[in-house]
Amino acid sequence: MLLSIQDISVHHGQICALRGVSLHVRQGETVSLLGPNGAGKSTLLWTMAGAVRARSGTVEFGGRGIGDLPPESIARLGLATVPERRRVFSSLTVEENLRLGLWAQSGYRGGEHDLHQVLDYFPKLAERRRSLAARLSGGEQQMLVIARALLSRPRLIALDEPSFGLAPMVVDQVYDILQDWRARRNLTLLIVEQTATRALSFSDRVYVLRSGQIEHTGSPAEICDSERLEQAYFGFPSTAPQGRS
Amino acid sequence: MMPAMLQYVIDALSLGSLYALTALGIGLLFGVLRVINFAHGDFISVGAYALIVPSANALAVLYVGALPWPLVLLLTAMSVIMVAILSELMVFRPLRGTTPATLMIGSFALSFIIQHLLLMIYGSRPKAVNLWPELTTQVNLLGLRVQKLQLATVGATAMLLGALTLLLRTTRTGVELRAAAEDYQMARMLGIRANTVIAGALALSGLLAATASLLYTAQSGILSYQMGVPLMMFAFISTVVGGLGNLLGAVVGAFVVAAIEVILQATLSDQLRPFREAFVFVLVIAILLWRPYGILEAHSSRERV
């Protein structure tokens with residue numbers, strides 16, 4: 001078990017954002033966490049990243065309790081968080097953004113090679129490596145944060161709404177990239193999405209979070225079969241996706 | 001007319017340099033701590049008082065200030081950085097994670113404590129000091145008689161800004177500092193160690209404060225326990241005018257505020273001149289109405305959709 005969250009509760013002031021949530025991700029697995037706006041998906045990610053503290057419950061990563069660690073230590077253990085809304089450093093150049101990813105892993109020597117490999121893979125970023133990240137389009141910024149996370153050679157990447165605010169064609173590109181790199185590096189992914197269409201066909205297992213609690217869990221097919229009610233809400237196609245494509 | 005204009009330009013540049021050094025120190029710390037450090041002006045006072053022998057006597061005796069200038073800079077910088085790091089350990093670090101208002105009140109308290117420590121050690125009377133008297137002589141520049149000190153101020157600031165730019169642009173520490181200043185949380189999630197970055201920012205802001213205090217003391221020739229307060233005030237509005245959270249903005253804001261001050265000084269009638277600072281603030285408000293996020297808006301203050 002790479003990531004194991006046991007029965008955590010998180011409060012924002014008086015408001016209970018998560019109550020008794022458990023979730024796990026195995027090595028090499030792709031898991032998606034779905035749910036409507038305000039369900040607590042991002043809170044769960046922030047808690048894993050160490051930016052928010054759980055009031056109770058445990059978070060273990062690689063068999064080690066990380067509930068009390070500061071964000072920088074969790075990142076250095078190999079849990080890369082890609083938060084929503086494409087948090088690029090807009091006053092830094094594209095290359096500086098990427099180097100921050102490289103530096104996240106101390107003591108690794110293959111950095112320059114990795115950087116070239118990533119720049120070869122993302123020609124748009126290579127073209128604009130000296131320009132400010134602020135000048136990139138939304139889609140390019142999403143590529144940048146994913147590339148940055150890849151460069152830190154993480155054991156798990158947690159992505160919060162990678163399709164947020166992107167045109168459908170660009171969303172497809174983003175998922176194609178994830179699929180490519182998943183195959184290349186045997187990545188472990190935890191993907192948070194509001195709209196399920198793309199994430200479902202992409203995942204091995206799915207959790208549905210609503211009002212701070214896990215409502216359903218299972219394979220994508222199971223979720224589709226059992227959840228006619230959810231279907232209207234999430235708007236995924238009536239033909240059930242068949243696991244990984 | 002032309003020489004007079006040029007004189008104003010030099011005045012504005014040298015005043016702006018002092019503001020820029022102070023504003024950058026404030027901006028660096030704001031970047032990583034998200035607090036306006038109101039004690040920054042007092043860091044400058046500490047640097048100035050470090051020049052003399054501690055005593056409550058009216059007569060100030062230069063001790064550190066009488067050494068060769070590289071040593072003066074080194075020792076004042078060390079004193080200020082020491083106070084800055086003590087402030088981090090005793091005030092800012094324990095208050096980390098509280099609300100911005102709490103942090104701000106903490107920095108106010110720190111400011112008062114430093115002022116009153118200076119008062120206790122050195123007494124309340126302002127002291128005259130004569131730091132680098134050779135710099136008060138004038139040189140001929142393009143038909144103008146300019147004080148060497150003004151040139152030294154502009155030159156030292158330009159050099160320090162250049163070095164700081166180089167550090168921030170080309171070194172790993174610099175890139176990490178800029179990243180942390182823009183989005184502290186994301187920087188930490190990329191493994192950048194928070195305390196290291198904050199200590200680095202404090203050391204840099206201490207170095208800037210020390211330089212500002214030397215140039216300011218050489219200019220004014222007077223030490224007083226509240227000497228840093230007006231400098232802090234104008235540097236603070238400079239950072240706001242330039243765009244809070246944007247380091248280049250802090251420098252631009254500093255020169256804009258200094259230019260306004262010099263222009264007002266030159267154009268206001270004798271009866272109005274005592275109210276110059278009020279007019280400065282009126283113009284600052286006008287600038288902020290025109291650009292609420294400052295002249296150079298910080299990248300992090302608005303998000304891209």
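Per chain, numbering begins at 1; letters A, B, ... match sequence-line order.
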Colleague: Side chains of B:R178 and A:F89: does their closest heavy-atom pair fall under 4.5 Å?
Modeller: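 No, side chains not in contact.
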
Colleague: Testing the basics here: between A:T81 and B:M186, what is the closest heavy-atom pair and its distance to 0.1 Å?
Modeller: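 That would be O-CE, 3.7 Å.
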
Colleague: Looking at A:E96 and B:V175, would you say the former's side chain and the latter's main chain have a donor-acceptor pair under 3.5 Å?
Modeller: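 A pair under 3.5 Å: no.
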
Colleague: Identify the heavy atoms of B:G191 and A:A75 that sit nearest to each other, and give their distance.
Modeller: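 What the structure gives for the nearest pair is N-CB, 3.6 Å.
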
Colleague: Which atoms of A:S152 are under 4.5 Å from chain B, going by heavy atoms: the side chain, the backbone, both sets, or neither?
Modeller: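 Neither the backbone nor the side chain of A:S152 comes within 4.5 Å of chain B.
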
Colleague: Is it the case that more than 12 heavy atoms not belonging to A:D68 sit under 6.0 Å from its CG atom?
Modeller: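 No, the 6.0 Å shell around CG holds no more than 12 heavy atoms from other groups.
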
Colleague: With rounding to the nearest 0.5 Å, note down the distance linking CZ in B:R172 to CG in A:L100.
Modeller: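 It comes to 9.0 Å.
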
Colleague: Under 4.5 Å heavy-atom distance to chain B, tell me which part of A:I74 shows up: side chain, backbone, both or neither.
Modeller: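 It is neither, since no heavy atom gets under 4.5 Å.
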
Colleague: Does a side-chain heavy-atom distance below 4.5 Å link A:S90 with B:E182?
Modeller: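 Side-chain contact under 4.5 Å: yes.
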
Colleague: Please classify the contact between A:R148 and chain B as side chain, backbone, both or neither, with a heavy-atom cut-off of under 4.5 Å.
Modeller: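 Only the side chain of A:R148 comes within 4.5 Å of chain B.
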
Colleague: Do the non-hydrogen side-chain atoms of A:E72 and B:I192 ever get within less than 4.5 Å of each other?
Modeller: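 A:E72 vs B:I192: side chains apart.
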
Colleague: Checking the side chain of A:R87 only, and the main-chain atoms of B:Q185 only, is there a donor and an acceptor separated by less than 3.5 Å?
Modeller: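 Not at all, since once roles are kept as given, no pair shorter than 3.5 Å links the two residues.
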
Colleague: State, yes or no, whether a side-chain contact exists between B:R193 and A:R76 at a heavy-atom distance under 4.5 Å.
Modeller: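 Yes; the side chains approach each other to less than 4.5 Å.
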
Colleague: Sort out for me which of A:P154, A:P83, A:G50 touches chain B most, counting heavy-atom pairs under 4.5 Å.
Modeller: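 That would be A:P83.
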
Colleague: As an exercise, state the distance from OG of A:S91 to CG of B:L168, rounded to the nearest 0.5 Å.
Modeller: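 CG of B:L168 is found 10.5 Å from OG of A:S91.
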
Colleague: To the closest 0.5 Å, what do you measure between CE (B:M189) and CE (A:M48)?
Modeller: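 Rounded to the nearest 0.5 Å, the CE-CE separation comes out at 11.0 Å.
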
